[in-house]
Visitor: 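Have a look at this one.
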Amino acid sequence: MKITVVGAGAVGATCADNIARKELASEVVLLDIKEGFAEGKAMDMMQTAMLLGFDTKITGTTNDYSKTAGSEVVVITSGLPRKPGMTREELIGINAGIVKGVAENILKHSPNAIFVIISNPMDTMTYLAFKALGLPKNRVIGMGGALDSSRFKYFLGQAMNCSSNELHATVIGGHGDTTMIPLTRLATYNGVPVSKFLDAETLKKVAADTMVGGATLTGLLGTSAWYAPGAAGAAMVEAIVRDEKRVFASSVFLEGEYGQSDICMGVPVVVGKNGWEKIIDFELNEEEKAAFAKSADAVRAMNNVLSD
Ligand code: NAI
């Protein structure tokens, strides 16, 4: 099993590190455009192998796509990250060119790969990759909801003073500060609605903190986060390679589901060896449906920038 991670920066390297530690593949290839960068990151990680006890081989390459040949899963993180005050959407022009070029190069060498797209603005990048690659829709999957849902559970866990692992909570919609939808009504602690434990005001604050979760970290770090994004990407890769059938909110191409078509945005999907295999219908109420439609309008407006 070979897995490629494109972009050896903060998110890509963290993702590759998690993949190696979990031994999800015999080989991980890191590819970056910056001379020597991926090679350096790979060598540094390989020098942790005997300390951490993993046997995955990590190699790096500067833009030599032949080294990625035969990859079964490819994670795309190449592109610019946010700086403080920037929205994910402001990255569109630069990252669109990067993601399209990278995805096409990868496909030439790995025609059977499943693509996990992380570069921002992620929903638009996933849509762009899906259209450019011409692959079956289940083989292109955007990572956003896995991270946002993890942040949602973190803030819920803090508010409830409980383990986040005991919570089920999902963020759907677009992967943007104003477009994501933390589904507070459906969040549960051991099957009990969290509204039994938290008042409406607190729940509202948890949702608001979740939505600006990435921006808060960008403000603190001076660039966007990497530990949780990298771990979220690796968790999705794990679900694919181990055929786990885990449910992650992920950006996928919709054809009428959740009332939307010709768009990629976050909905709960089953992830397994075929990529995303099935969309779960959460049966949204009217308010949630309206929020999803509004979120879709914003994502679609972003997609339209590509064709302008
Ligand atoms: P970074 O700047 O640390 O790494 C990006 C890497 O991409 C750099 O090493 C750069 O040399 C490389 N790169 C640029 N153009 C390339 C090309 N044509 N081919 C190969 N490599 C290329 O950035 P970071 O923090 O790793 O973020 C990467 C992307 O992920 C950004 O767009 C960021 O906004 C996005 N992101 C998405 C998240 C999500 O939930 N979907 C969460 C966090 C970040």
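We use all heavy atoms of the structure for the numbers below, so side chains are in, but hydrogens, waters and symmetry mates are not. Keep in mind it's a predicted model, so treat the numbers as computed, not measured. In each ligand, atom 1 is the first atom listed, and ligand 1 is the first ligand listed.
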Visitor: Looking at Arg246 and Glu238, is there a salt bridge between them, counting it only when a charged N and a carboxylate O are closer than 4.0 Å?
Guide: no

Visitor: Of all the non-hydrogen atoms in the protein, which one sits nearest to atom 5 (C) of ligand 1, and at what distance?
Guide: Gly79 O, 3.2 Å

Visitor: Under a 4.0 Å heavy-atom limit, does Val102 contact ligand 1 with its side chain, its backbone, both, or neither?
Guide: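 Near ligand 1, Val102 shows its side chain, while the N, CA, C and O stay back.
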
Visitor: Please report the closest heavy-atom contact between Ile263 and Met265, naming both atoms and the distance.
Guide: CD1-SD, 3.8 Å

Visitor: Just jot down the ligand 1 atoms closer than 4.0 angstrom to any heavy atom of Pro229, in number order.
Guide: 42 (C), 43 (C)

Visitor: Of the side chain and backbone of Leu91, name the one, both, or neither that has a heavy atom under 4.0 Å from an atom of ligand 1.
Guide: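 Under 4.0 Å from ligand 1, Leu91 contributes side-chain atoms alone.
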
Visitor: Is the shortest N/O to N/O distance between Asn95 and ligand 1 below 3.5 Å?
Guide: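 The answer is yes, given that Asn95 and ligand 1 share an N or O pair closer than 3.5 Å.
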
Visitor: Using only atom types and a distance under 3.5 Å, with no angle test, would you say the side chain of Thr62 pairs donor to acceptor with the backbone of Glu35?
Guide: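 No; zero donor-acceptor contacts below 3.5 Å.
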
Visitor: Please work out, at 4.0 Å between heavy atoms, whether the side chain, the backbone, both, or neither of Leu147 comes within that distance of ligand 1.
Guide: side chain

Visitor: Among Lys137, Met125, Arg139, whose side-chain contact (heavy atoms from CB on, under 4.5 Å) with Phe130 holds?
Guide: Lys137

Visitor: In the protein, what heavy atom is nearest to atom 26 (O) of ligand 1, and what distance, to one decimal place, separates them?
Guide: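 Heavy-atom neighbour on the protein nearest atom 26 (O) of ligand 1: Val11 N, 2.8 Å.
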
Visitor: Please answer whether the main-chain N or O of Gly174 pairs with a side-chain N or O of Thr179 as donor and acceptor at a distance below 3.5 Å.
Guide: yes

Visitor: Among protein heavy atoms, which lies nearest atom 29 (C) of ligand 1, and at what distance?
Guide: Thr77 O, 3.2 Å

Visitor: Classify the ring geometry of Phe292 against Tyr258: parallel below 30°, tilted from 30° to 60°, perpendicular beyond 60°.
Guide: tilted

Visitor: Please indicate whether any nitrogen or oxygen in Val6 is less than 3.5 Å from any nitrogen or oxygen in ligand 1.
Guide: no

Visitor: Just by modelled atom types, is the Thr68 backbone N or O under 3.5 Å from a matching donor or acceptor in the Ser110 side chain?
Guide: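 Judged by distance alone, yes, a pair lies under 3.5 Å.
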
Visitor: For Gly101, state whether at least one heavy atom is located under 4.0 Å from any atom of ligand 1.
Guide: no

Visitor: Heavy atoms, side chains only, cut-off 4.5 Å: are Leu30 and Thr59 in contact?
Guide: no

Visitor: What residue and heavy atom of the protein are closest to atom 23 (O) of ligand 1, and at what distance?
Guide: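 Sorting protein heavy atoms by distance from atom 23 (O) of ligand 1 puts Pro81 CG, 3.4 Å first.
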
Visitor: To which protein heavy atom is atom 12 (C) of ligand 1 closest, and what is the distance rounded to 0.1 Å?
Guide: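 Going by distance alone, atom 12 (C) of ligand 1 is nearest to Asp32 OD2, 3.3 Å.
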
Visitor: Among all protein heavy atoms in this structure, tell me which lies nearest to atom 21 (N) of ligand 1, with the distance rounded to 0.1 Å.
Guide: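 Here the closest protein heavy atom is Ile33 N, 3.3 Å.
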
Visitor: Answer side chain, backbone, both or neither: which part of Ala10 comes under 4.0 Å from ligand 1, heavy atoms only.
Guide: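 Near ligand 1, Ala10 shows its backbone as well as its side chain.
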
Visitor: Just distances here: any N/O of Lys34 and N/O of ligand 1 closer than 3.5 Å?
Guide: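 In this structure, Lys34 places no N or O atom under 3.5 Å from an N or O of ligand 1.
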
Visitor: Closest non-hydrogen protein atom to atom 37 (C) of ligand 1, residue and atom name please, with distance?
Guide: Ile118 O, 3.0 Å

Visitor: Considering non-hydrogen atoms of the protein only, which is the closest contact for atom 40 (O) of ligand 1, and what is the distance?
Guide: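 Of the protein heavy atoms, His175 NE2, 3.0 Å lies nearest.
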
Visitor: Salt bridge check: are Lys204 and Glu201 linked by an N-O gap of less than 4.0 Å?
Guide: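 Glu201 and Lys204: not salt-bridged.
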
Visitor: I'd like to know if Lys67 pairs up with Asp64 as an ion pair, taking the criterion as any Lys NZ or Arg NE/NH1/NH2 lying under 4.0 Å from an Asp or Glu carboxylate oxygen.
Guide: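 Yes, Lys67 and Asp64 are salt-bridged.
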
Visitor: Does Phe37 come within less than 4.0 Å of ligand 1, judged by its heavy atoms?
Guide: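 Contact check Phe37 vs ligand 1: positive.
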
Visitor: Report yes if some N/O of Leu80 lies less than 3.5 Å from some N/O of ligand 1; otherwise report no.
Guide: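 By distance alone, the answer is yes.
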
Visitor: Would a distance-only check, ignoring hydrogens and angles, find a side-chain to backbone donor-acceptor pair under 3.5 Å from Thr188 to Asn190?
Guide: no

Visitor: Relative to ligand 1, is Met143 under 4.0 angstrom through side chain, backbone, both or neither, heavy atoms considered?
Guide: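 Both backbone and side chain.
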
Visitor: Do Asn120 and ligand 1 have an N or O pair less than 3.5 Å apart?
Guide: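 Min N/O separation from ligand 1 is below 3.5 Å for Asn120.
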
Visitor: Please determine if Arg300 and Asp123 form a salt bridge, counting it only when a charged side-chain N lies under 4.0 Å from a carboxylate O.
Guide: no

Visitor: Under 3.5 Å, N or O to N or O, is Ile98 touching ligand 1 that way?
Guide: no

Visitor: Can you name the closest pair of heavy atoms from Ser261 and Glu255 and give their distance?
Guide: OG-C, 3.7 Å

